[in-house]
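Naming: A, B, ... by sequence-line order, numbering from 1 per chain.
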Protein chains: 2
Amino acid sequence: MEIYKGEKKRLYMEKNSIAHLFSFPVEEFMEVHEYQRDDWIIQEGRRPDFLFYVIEGKAKIYITHQNGKVSLINFINANDYIGEMELLNDVYYTKGIQASTKTICFALPIHYYRKQLLEDAKFLRELTKFLSVKATLMAAKYSQSLAFPLENRLADFILQTADEGVYKEKHVTVCDYLGVSYRHLLHVLTQFCDKGYLQKNGRNYQIKQYHSLHELAEVLKNK
Amino acid sequence: MEIYKGEKKRLYMEKNSIAHLFSFPVEEFMEVHEYQRDDWIIQEGRRPDFLFYVIEGKAKIYITHQNGKVSLINFINANDYIGEMELLNDVYYTKGIQASTKTICFALPIHYYRKQLLEDAKFLRELTKFLSVKATLMAAKYSQSLAFPLENRLADFILQTADEGVYKEKHVTVCDYLGVSYRHLLHVLTQFCDKGYLQKNGRNYQIKQYHSLHELAEVLKNK
DNA sequence: TCAAAAATATGAGATATCTCATATTATTTG
DNA sequence: CAAATAATATGAGATATCTCATATTTTTGA
């Protein structure tokens, strides 16, 4: 983890101003943090000292259960907040957040800014929208996970993450995200290949029948 | 559904003032709605015209999937907001909300108040907290549903809803809530009886071994 | 550069959960 | 009050998913 200083910091803040998200100046105590792939931005169970706002990169929210299972709760992208739960709630079990690419965030020391932030309508309005989307998304994932087998959820995930018709996510990550065992994921992927929806190319999977996957994914959606 | 008028309305609003939730007066266009058990406060797929605040009663949030399965996403209680998603987001699939007891809510016409509400830090702060709790809860339920079998989740649910040592929820509701089939729920309940955790009394279940259920439920929690 | 660790791969048996069929009992409603 | 509807109940077979064992390949770090 690197904290930008001096000219580097000044330049970065200038190029990526977030002044429009607040109705008071936040630059004074704000820091710029850069995390490398696999760095932990927040450690599970340990309260963060900052409210983060992601400028670039991708990260993952993890929670570890008592039975050892790990859930990848969600992905975090540019323009997302991190640590907002801890800003708002005095009692909160902090989830782990791990960078999955180089990730740069602005970091507002909660200690300094908490009071002002909680009185700033502009900030709160944005955060409220962010949280409403988050809550909705979790509700959707929750109810889908209970109502549909992996086949449907995986089809959706493949379509969402495929890059130019090629799916190449890490199996291990996907297991944690879709909440199934490694074995079962591989099993369903093999089925997709057998049915001709996908074609395996070394470590990647080429989408062969878009419409079949689409059909499977479509039933998740509410119209 | 009944809309309170005149003296009845005035009295009710006076006894249950929510003026402290806003920094501007909301009484003028506010309505008081009373719903009977099984009334739909909001119909699935149809945008509501009000932001509701629940004063008394209980309700359930439902979503219907394309495969016909119904998920009971969550329960709503006094001091919860309803319709906040629609206030915040222009595009949103509205979930169904059904009263499960007589439920009385204050209803703020979005049309009149939207702009002011979105600029009111006091209101937004409360709503933000409400949403953060909601998002956290959904995330917890989501990851638990994937990481643990019904046995654990049911034990937790029984402990949470039992009334003086007696569990008497409707099976059908619980199926929708825990996302399992009726058959399987009954199966696990029978197991609990066989193991001596519960004892069936007519339509209810008496808790016999608190600690066993507690043990099963405990592994869901993060410490 | 080599050993350790992580990721991929596959088989086989176990179990959690679902679907469907069917019966009985309670509750609601015209 | 009777008929319709909802809730409870149980059996049996199907399937989705898990666990464990084990092997190979790739990536990583000292």
Side-chain angles (χ1 to χ4, degrees), chain A residues 36-39 60 62 65 67-72 98 100-101 143-155 157 167-195 198-205 216 219-220, chain B residues 36-39 60 62 65 67-72 98 100 143-155 157 166-195 198-205 216 219-220:
Chain A
Q36 296 309 309
R37 182 195 159 109
D38 294 342
D39 277 358
K60 295 179 279 190
Y62 279 108
H65 299 281
N67 64 359
K69 282 204 188 180
V70 171
S71 294
L72 169 47
Q98 185 181 38
S100 53
T101 66
S143 67
Q144 286 168 7
S145 74
L146 295 175
F148 299 95
L150 179 62
E151 189 179 41
N152 300 98
R153 296 180 289 128
L154 180 59
F157 184 75
Y167 167 78
K168 42 181 143 181
E169 298 302 313
K170 285 223 175 119
H171 297 331
V172 182
T173 306
V174 179
C175 291
D176 290 342
Y177 185 63
L178 297 179
V180 295
S181 68
Y182 187 90
R183 191 64 193 84
H184 190 52
L185 173 62
L186 270 279
H187 182 230
V188 175
L189 276 173
T190 306
Q191 279 186 352
F192 281 1
C193 291
D194 288 350
K195 289 179 185 164
L198 299 176
Q199 183 183 309
K200 195 165 171 184
N201 269 328
R203 219 145 253 225
N204 300 339
Y205 294 80
L216 285 174
V219 305
L220 299 184
Chain B
Q36 296 309 309
R37 183 194 156 109
D38 294 343
D39 277 358
K60 296 179 279 190
Y62 278 108
H65 299 281
N67 63 359
K69 284 203 189 180
V70 171
S71 295
L72 169 47
Q98 186 180 37
S100 54
S143 67
Q144 286 167 8
S145 74
L146 294 175
F148 298 95
L150 180 61
E151 189 178 43
N152 301 98
R153 296 181 290 130
L154 180 59
F157 184 74
V166 179
Y167 168 78
K168 42 181 141 181
E169 298 301 314
K170 286 223 174 117
H171 297 330
V172 182
T173 307
V174 179
C175 292
D176 290 343
Y177 184 63
L178 297 179
V180 295
S181 68
Y182 186 90
R183 191 65 194 81
H184 190 52
L185 174 63
L186 271 279
H187 182 230
V188 175
L189 277 173
T190 306
Q191 281 185 352
F192 282 2
C193 292
D194 288 349
K195 289 180 185 163
L198 299 176
Q199 183 182 308
K200 196 165 169 181
N201 270 328
R203 217 146 256 225
N204 300 340
Y205 295 79
L216 285 174
V219 305
L220 298 185

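In this structure, CG of A:Asn204 is placed 18 Å from P of D:dT25, rounded to the nearest angstrom. Atom P of nucleotide C:dT29 and atom CD of B:Gln36 are separated by 12 Å, given to the nearest angstrom. The distance from atom CZ of A:Arg183 to atom C1' of C:dA9 is 8 Å, rounded to the nearest whole Å. Distance, A:Gln98 CD to C:dA6 C1': 13 Å, rounded to whole Å. Between the P atom of D:dA16 and the CZ atom of A:Arg153 lies a distance of 13 Å, rounded to the nearest Å. D:dT27 atom C1' lies 18 Å from atom NZ of A:Lys168, rounded to whole Å. To the nearest angstrom, P of D:dA9 lies 16 Å from CD of B:Gln191. Look at CG on A:Leu186: it is 18 Å from P on D:dC20, rounded to the nearest Å.
Of the candidates C:dT19, C:dT17, D:dT19, C:dT17 carries the atom nearest the B:Leu150 side chain, counting heavy atoms from C-beta on. Picking from D:dC18, C:dA16, C:dT8 the nucleotide with the shortest atom distance to the side chain of B:Pro149 gives C:dA16. Comparing C:dT19, C:dA7, D:dA7 against the side chain of B:Lys170 picks out D:dA7 as the nearest.
Comparing A:Tyr182 and A:Leu146 against DNA chain C, the residue whose closest nucleotide sits nearer the 5' end is A:Tyr182.
At most 12 heavy atoms of other shown residues, nucleotides or ligands fall within 6.0 angstrom of atom NE2 in A:His187.
In this model, the phosphate group of D:dA16 is not approached by any side-chain N or O of A:His187 to a distance below 4.0 Å at OP1 or OP2. For the OP1/OP2 pair of C:dT8 and a distance below 4.0 Å, the side-chain nitrogens and oxygens of A:Lys200 include no atom meeting the criterion.
Residue contacts shown for A:His184 include a base, since a base heavy atom lies under 4.0 Å away.
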side-chain contact (heavy atoms from CB on, under 4.5 Å) for B:Leu220 and B:Asn152? Distances and angles first, verdict last.
CA-CA 7 Å; B:Leu220 298 185; B:Asn152 301 98; 4.0 Å; yes
side-chain contact (heavy atoms from CB on, under 4.5 Å), that's the test. Do B:Val180 and B:Arg153 meet it? Break it down for me.
CA-CA 11 Å; B:Val180 295; B:Arg153 296 181 290 130; 4.0 Å; yes
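Between the side chain of A:Asn204 and the backbone N or O of A:Asn201, no donor-acceptor pair lies under 3.5 Å.
Applying the salt bridge (Lys or Arg N to Asp or Glu O under 4.0 Å) rule to B:Lys195 yields the partners B:Glu151; only residues at least two apart in sequence or on another chain are considered.
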